[in-house]
Amino acid sequence: MFKYLLALLLPILLLFSNSNLGLAQETAQQATTPAQESEQESPEQEDTELSDDEADGDLEDGDAESAVGIDVIQTRPRQTAEILRLRDLYRDQVERYRTVDREFQISKAQYQQIQTLQSLEEAVVSTREVLLVRDQVLITYFELMLTSLEDTEGIDLVDKRAVINEMIEHIEVLREHRDAVAQTTNREGIAERVEEFALLSEPFETTAYKGLALINIGDIQTVYDKARLIYADILTYHQEQPVSAVKQQERLRAYREAERELERIGLLLREIRIEYGRNTTIGRDSYDRVLGNNLNSAYSGTSQIIFYLRELFLELT
């Protein structure tokens with residue numbers, strides 16, 4: 001029994017100590033900074049300059065992460081081969097995006113200053129390149145989110161399938177747009193591709209944050225459920241291992257604290273699922289306001305439960 005409980009408890013302790021279970025942030029803000037800074041430094045545009053649609057509109061919808069309103073990827077450290085491959089690919093593509101974005105900002109500023117046909121050509125070419133790379137970054141982003149969501153347990157299967165289907169649809173739309181950009185070579189066509197992206201990207205943010213919410217909910221719920229099972233096993237084990245009256249009182253007080261926290265987090269997770277169901281559209285602000293605080297509280301509470309279980313098992317046995 002002792003070895004059985006230890007085998008159950010140690011993986012969960014490691015999961016909580018090595019990551020923050022779905023709330024750990026792998027920041028992608030570095031990818032957005034160059035575009036944002038460059039836009040702030042760009043000179044004012046005049047009527048004779050490359051238009052917003054042709055030059056700047058594609059980056060006001062932004063860098064790849066801003067296009068979906070996401071500047072962090074939040075998942076527990078899953079280790080499947082496909083997730084690891086996509087994670088590495090995504091990082092490489094973000095670096096590539098930062099490079100082509102800087103080149104775009106340089107060619108744009110040069111065109112604004114000298115207004116030559118050659119500078120206009122360079123601005124159009126760099127705009128096309130940044131559109132292509134942005135589409136590919138977003139494709140990989142949604143593939144990574146989709147694969148992580150498929151790997152997530154502890155969530156409603158209907159909600160899970162709905163968001164997965166949305167991600168599949170976005171990936172197909174982005175691939176079609178990427179192919180259209182690749183076949184476009186003139187200024188007017190690039191402007192049309194920019195306008196198309198502004199329309200097709202509207203639902204990206206909601207889908208991304210719904211997926212993020214489900215991954216976080218599922219991660220915490222899975223560990224919480226396992227913690228309840230382990231707690232029940234610890235109680236059974238303690239019943240089979242009588243101790244002194246003083247030690248038994250310590251156990252009883254510890255049981256009350258553990259059960260109080262288990263009840264609190266169980267109710268909080270139920271509230272989180274209800275709030276998720278109420279919000280059909282979730283964006284950056286609403287995620288933080290509606291779900292973010294509760295998810296952080298649920299994570300910290302579940303962490304506390306795990307450490308309670310460790311104490312009960314290792315120190316009060």
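Taking the side chain as every heavy atom from C-beta outward, Leu120 and Val124 approach each other to under 4.5 Å. Under the 4.5 Å side-chain criterion, counting only non-hydrogen atoms from C-beta, His170 is in contact with Pro203.
The aromatic rings of His177 and Phe197 are tilted relative to each other, their planes meeting at an angle between 30° and 60°. The aromatic rings of Phe142 and Phe204 sit perpendicular, their planes meeting at an angle over 60°, well past the 30° parallel limit. Between Tyr90 and Tyr141, the ring planes are tilted. Angles from 30° to 60° get that label.
Under the side chain to side chain contact (heavy atoms under 4.5 Å, CB included) criterion, Ile114 pairs with Gln110, Thr116, Ser119, sequence neighbours left out. Partners of Arg278 according to the salt bridge (charged side-chain N to carboxylate O under 4.0 Å, His left out) rule, which considers only residues two or more places apart in sequence or in another chain, are Glu275.
For the residue pair Ser126 / Glu103, no side-chain donor-acceptor distance below 3.5 Å is found, with atom types taken as modelled. No hydrogens or angles considered: nothing links the side chains of Gln136 and Arg96 as a donor-acceptor pair under 3.5 Å.
Judged by distance alone, with hydrogens and angles left aside, the side-chain atoms of Asn296 form a donor-acceptor pair with the main-chain N or O of Gly292 at under 3.5 Å. Thr147 places no side-chain N or O within donor-acceptor distance of the main-chain N or O of Leu144, the cut-off being under 3.5 Å.
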- prompt: After noting the C-alpha distance and the side-chain angles of Leu291 and Asn216, does the key distance pass the side chain to side chain contact (heavy atoms under 4.5 Å, CB included) rule?
  reply: CA-CA 10 Å; Leu291 292 173; Asn216 288 334; over 6 Å; no
message: Test salt bridge (charged side-chain N to carboxylate O under 4.0 Å, His left out) on Arg264 and Glu271; report intermediate values, then the result.
response: CA-CA 11 Å; Arg264 185 181 76 84; Glu271 179 182 339; over 6 Å; no
